[in-house]
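Working notes, structure below.
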Protein chains: 2
Amino acid sequence: MNAYQKFKMTPQRIAIMNCLGQRNLHPTADEVFQAVRKMLPRISLGTVYRNLEFLTGNGLIKKNEQGGGQRRYEGNLEKHYHIKCTSCGRLEDAPIEPFESLENSLEGLCDYKIFECQVEFEGLCPDCQAKHSSRTNSQAEA
Amino acid sequence: MNAYQKFKMTPQRIAIMNCLGQRNLHPTADEVFQAVRKMLPRISLGTVYRNLEFLTGNGLIKKNEQGGGQRRYEGNLEKHYHIKCTSCGRLEDAPIEPFESLENSLEGLCDYKIFECQVEFEGLCPDCQAKHSSRTNSQAEA
DNA sequence: CCTCTTAATGGTAACAATTATCATTTATAA
DNA sequence: TTATAAATGATAATTGTTACCATTAAGAGG
């Protein structure tokens with residue numbers, strides 16, 4: 001029994017899933033709304049929020065609360081890390097295998113029961129590096 | 001020249017710093033507001049937000065945007081990881097030394113310039129484990 | 001000491017992201 | 001078909017944060 005049989009998949013939910021289907025995509029609720037709208041023009045933002053929550057709760061997508069302000073969602077359920085550009089806020093999957101040992105590294109060191117470990121690299125994306133260096137090279141540009 | 005000489009430290013800013021002085025404390029803006037109020041009853045929430053931003057911008061405290069919804073702040077500037085209880089939302093410093101190699105592990109694997117790496121363990125705190133197990137042991141309790 | 005200038009504050013309004021509400025629609029089952 | 005329950009769309013309410021602005025406080029120079 002796959003997800004589409006186990007849960008009631010309305011057209012709205014399917015559209016949201018499709019929108020999150022591509023790899024390395026981490027849209028906000030509003031970006032999902034804008035995208036899904038093209039297929040279902042009458043869908044409401046509330047439905048998008050409600051279903052993003054529903055799909056997250058049932059493990060069909062992942063909610064990504066790292067990165068402050070706006071929540072992001074993704075369809076990639078495989079364990080992976082993220083890189084965030086501190087300048088433009090862009091979020092991407094990190095091209096690195098997750099470390100096996102990380103979740104267990106607190107074993108015996110505290111009384112928490114650890115399930116997961118979120119890792120987020122922070123730095124400057126290529127675009128922002130270019131912007132930044134061109135700005136420092138010629139201050140007059142501004 | 002220390003921070004208090006380099007920057008204009010108003011009574012409000014000092015009170016906020018003091019509030020964040022203790023280790024393993026990660027209050028929200030509102031929690032800081034409530035605490036600081038006891039010393040400076042006329043301080044406004046806007047001033048708290050403004051100064052948390054000011055202090056973060058000048059590297060006197062750290063903003064912690066991991067953990068969704070509400071932003072948290074801390075006075076501990078040393079590199080460290082966090083544990084979050086997924087049930088009650090509690091955030092604590094992880095009792096483990098940060099891994100030296102983590103920031104550099106993406107070297108050559110992507111075009112980002114990596115500065116930092118945030119690590120957040122997720123699990124159940126002792127309190128929530130107790131609650132959870134007592135609930136599953138005797139469903140009738142509810 | 002006094003002004004002048006600038007920065008910080010408190011109070012409040014505005015804003016943005018998210019959640020709640022509720023009447024209507026859609027799906028499912030008897 | 002009708003009854004029942006769940007999901008939707010539209011919108012209001014809530015929450016966390018930021019922006020605004022008149023007033024206050026703090027220095028600097030006379």
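Just so it is clear, the values below take in all heavy atoms, side chains as well, and ignore hydrogens, waters and symmetry mates. So that the names make sense, note that chain A is the first sequence line, chain B the second, and so on, each numbered from 1.
- Listed by residue number, the members of residues 32-43 of chain A with any heavy atom below 4.0 angstrom from DNA chain C form an empty set.
- A:Tyr81 contributes a side-chain N or O that, together with a main-chain N or O of A:Phe99, makes up a donor-acceptor pair within less than 3.5 Å.
- Atom P of nucleotide D:dT17 and atom CD of B:Glu31 are separated by 11 Å, given to the nearest angstrom.
- If you chain together hydrophobic residues whose side chains sit under 4.5 Å apart, A:Ile61 and A:Met39 fall into the same group.
- OP1 or OP2 of D:dA25 has not a single side-chain nitrogen or oxygen of B:Gln12 nearer than 4.0 Å.
- Between the CD atom of B:Glu65 and the C1' atom of D:dT17 there is a distance of 12 Å, given to the nearest Å.
- The interatomic distance linking B:Phe7 (CZ) with D:dA26 (C1') rounds to 18 Å, in whole Å.
- Among the atoms of the strands shown, base atoms are found under 4.0 Å from some heavy atom of B:Thr47.
- Between the CE atom of A:Met9 and the C1' atom of D:dA6 there is a distance of 15 Å, given to the nearest Å.
- The pair B:Arg72-B:Glu74 does not meet the salt-bridge criterion, since no charged nitrogen lies less than 4.0 angstrom from a carboxylate oxygen.
- One interatomic measurement links the two molecules: CZ of B:Arg13 to P of D:dA26, which rounds to 12 Å at whole-angstrom precision.
- Atom NZ of B:Lys79 sits in a crowded spot, with more than 12 heavy atoms from other residues, nucleotides or ligands closer than 6.0 Å.
- In this structure, B:Asn51 places its CG atom 9 Å from P of C:dA8, rounding to the nearest Å.
- The closest donor-acceptor contact from the side chain of B:Gln129 to the backbone of B:Leu124 lies under 3.5 Å.
- Between A:Lys63 and A:Glu53 there is a salt bridge, since a side-chain N of the basic residue sits under 4.0 Å from a carboxylate O of the acidic one.
- Regarding contacts with the backbone of D:dT8, a side-chain N or O of A:Thr10 is found under 4.0 angstrom from either OP1 or OP2.
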Using a 4.0 Å cut-off on protein heavy atoms (strictly under), produce a 5'-to-3' string for nucleotides 14-21 of chain C with B for base contact, S for backbone-only sugar-phosphate contact, and - for none.
---SBB--
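- Judged by the 6.0 Å and 45° rule, B:Arg13 forms a cation-pi pair with B:Phe54.
- In this structure, a donor-acceptor pair under 3.5 Å is absent between the side chains of B:Asn76 and B:His26.
- Side-chain atoms of A:Tyr73 do not come within 3.5 Å of backbone N or O of A:Thr56 as any donor-acceptor pair.
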